[in-house]
Amino acid sequence: MIIESYSAQDTYDLGKKLGKEVKEGQVFCLDGDLGVGKTVFTKGLAQGLGIEEPIQSPTFTIVREYEEGRLPFYHFDVYRIGDVEEMDEIGYEDYVYGGGVCLIEWANLIEEILPDHYTKIEILKNLEKGFDYREIRIEEI
């Protein structure tokens, strides 16, 4: 499925819609260049889960946990992972195969350890259609 976003609000609203529909154990793998709106999408997803606290990118901590919503939410940013073995050290499998919802930014960097089933979301810019335009591709794997 391809969804067109013409503003940060559109991207946020899509995340929020998915967050309201998300089920326990669901994993989202989010990819896109720096500055395309991955964090905006994630904030919307968290809002849809009922999480009110501020969502921050876990760039230097690898994972942030949010427990206050209708399901636990685990937000990963694996951009700085040097080796997939680092994921074992933080308890990756406990998060991904647990009872919460996971969103993994830069998931393409850890493809070999992704679960068999996940929702792949790719956010792409197309400056010919405008500075704020994004093409958001969603695919069930």
Side-chain angles (χ1 to χ4, degrees), residues 1-84 86-141:
M1 165 178 15
I2 295 176
I3 296 169
E4 294 182 305
S5 170
Y6 293 92
S7 67
Q9 187 65 50
D10 287 351
T11 301
Y12 178 90
D13 290 345
L14 174 62
K16 185 174 179 178
K17 179 179 184 276
L18 291 176
K20 288 181 178 181
E21 300 168 357
V22 74
K23 307 236 183 315
E24 182 178 312
Q26 196 160 357
V27 176
F28 294 92
C29 295
L30 182 59
D31 289 307
D33 291 336
L34 291 170
V36 296
K38 292 186 300 294
T39 301
V40 169
F41 175 87
T42 303
K43 288 177 179 181
L45 186 82
Q47 181 71 46
L49 279 164
I51 296 168
E52 298 294 330
E53 68 183 281
I55 302 299
Q56 298 176 334
S57 182
T59 301
F60 296 102
T61 59
I62 302 174
V63 64
R64 288 192 188 269
E65 300 178 23
Y66 302 92
E67 302 284 340
E68 72 178 44
R70 67 178 176 83
L71 293 168
F73 177 51
Y74 308 115
H75 179 198
F76 291 84
D77 184 331
V78 298
Y79 185 75
R80 297 199 185 327
I81 288 290
D83 189 304
V84 293
E86 289 179 50
M87 297 303 285
D88 287 336
E89 295 171 15
I90 62 164
Y92 168 78
E93 288 190 0
D94 293 335
Y95 291 111
V96 171
Y97 298 106
V101 174
C102 293
L103 182 138
I104 306 168
E105 292 188 41
W106 301 99
N108 60 310
L109 300 175
I110 60 165
E111 280 181 321
E112 61 266 34
I113 62 170
L114 292 176
D116 291 337
H117 302 287
Y118 58 89
T119 303
K120 179 180 179 180
I121 300 173
E122 187 176 20
I123 304 176
L124 305 164
K125 283 184 185 182
N126 182 342
L127 294 177
E128 291 178 7
K129 292 189 175 188
F131 181 77
D132 291 327
Y133 176 87
R134 303 292 185 265
E135 181 179 289
I136 303 173
R137 298 178 183 177
I138 302 174
E139 177 183 4
E140 295 297 326
I141 304 292

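Everything quoted here is computed from the prediction, not taken from an experiment.
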Note, [X] side chain near [Y] side chain (heavy atom, < 4.5 Å):
| X | Y | answer |
| --- | --- | --- |
| Phe73 | Leu45 | yes |
| Val96 | Ile113 | no |
| Phe76 | Val27 | no |
| Glu4 | Tyr133 | yes |
| Lys125 | Asp33 | no |

Is a side-chain donor or acceptor of [X] paired with a backbone partner of [Y] at a separation under 3.5 angstrom?
| X | Y | answer |
| --- | --- | --- |
| Asp31 | Ala107 | yes |
| Glu86 | Asp83 | yes |
| Glu68 | Glu52 | yes |
| Lys38 | Gly32 | yes |
| Tyr95 | Val63 | no |

| field | Audit row: Ile104, Tyr118, side chain to side chain contact (heavy atoms under 4.5 Å, CB included) steps and yes/no | value | CA-CA 10 Å; Ile104 306 168; Tyr118 58 89; over 6 Å; no
| request: For Glu112, look at atom CD and say whether over 12 heavy atoms of other residues, nucleotides or ligands are found less than 6.0 Å away. | output: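 Count over threshold, so yes.
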| Tyr97, OH atom: more than 12 neighbouring heavy atoms under 6.0 Å | yes
| Who passes ring pair (Phe, Tyr, Trp, His ring centres under 6.0 Å) against Phe28, sequence neighbours left out? |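 Ring pair (Phe, Tyr, Trp, His ring centres under 6.0 Å) list for Phe28, sorted by chain: empty.
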Identify the two heavy atoms, one from [X] and one from [Y], that lie closest to each other, and give their separation to 0.1 Å.
| X | Y | answer |
| --- | --- | --- |
| Val22 | Arg70 | O-NH2, 2.9 Å |
| Gly35 | Arg134 | O-NH2, 3.4 Å |
| Ile123 | Val36 | CG2-O, 3.5 Å |
| Glu24 | Gly99 | CG-O, 2.8 Å |
| Asp10 | Ser5 | CB-OG, 3.2 Å |

Rounded to the nearest 0.5 Å, what separation is found between the [atom1] atom of [X] and the [atom2] atom of [Y]?
| X | Y | atom1 | atom2 | value |
| --- | --- | --- | --- | --- |
| Met1 | Thr119 | CE | OG1 | 9.0 Å |
| Asp132 | Leu127 | CG | CG | 10.0 Å |
| Ile81 | Trp106 | CD1 | CH2 | 14.0 Å |
| Leu103 | Phe41 | CG | CZ | 6.5 Å |
| Gln56 | Lys43 | CD | NZ | 8.5 Å |
| Leu114 | Cys29 | CG | SG | 4.5 Å |

| task | Would you check, one step at a time, whether the test side chain to side chain contact (heavy atoms under 4.5 Å, CB included) holds for Tyr12 with Lys17? | result | CA-CA 9 Å; Tyr12 178 90; Lys17 179 179 184 276; over 6 Å; no
| said: Holding to side chain to side chain contact (heavy atoms under 4.5 Å, CB included), I want the full list of residues that pass it with Ile2, two or more places apart in sequence or in another chain. | reply: Glu135, Arg137
| message | Please determine whether side chain to side chain contact (heavy atoms under 4.5 Å, CB included) holds for the pair Ile62 and Arg80, giving the CA-CA distance in whole Å, both sets of side-chain angles, and the decisive distance to 0.1 Å. | response | CA-CA 8 Å; Ile62 302 174; Arg80 297 199 185 327; over 6 Å; no
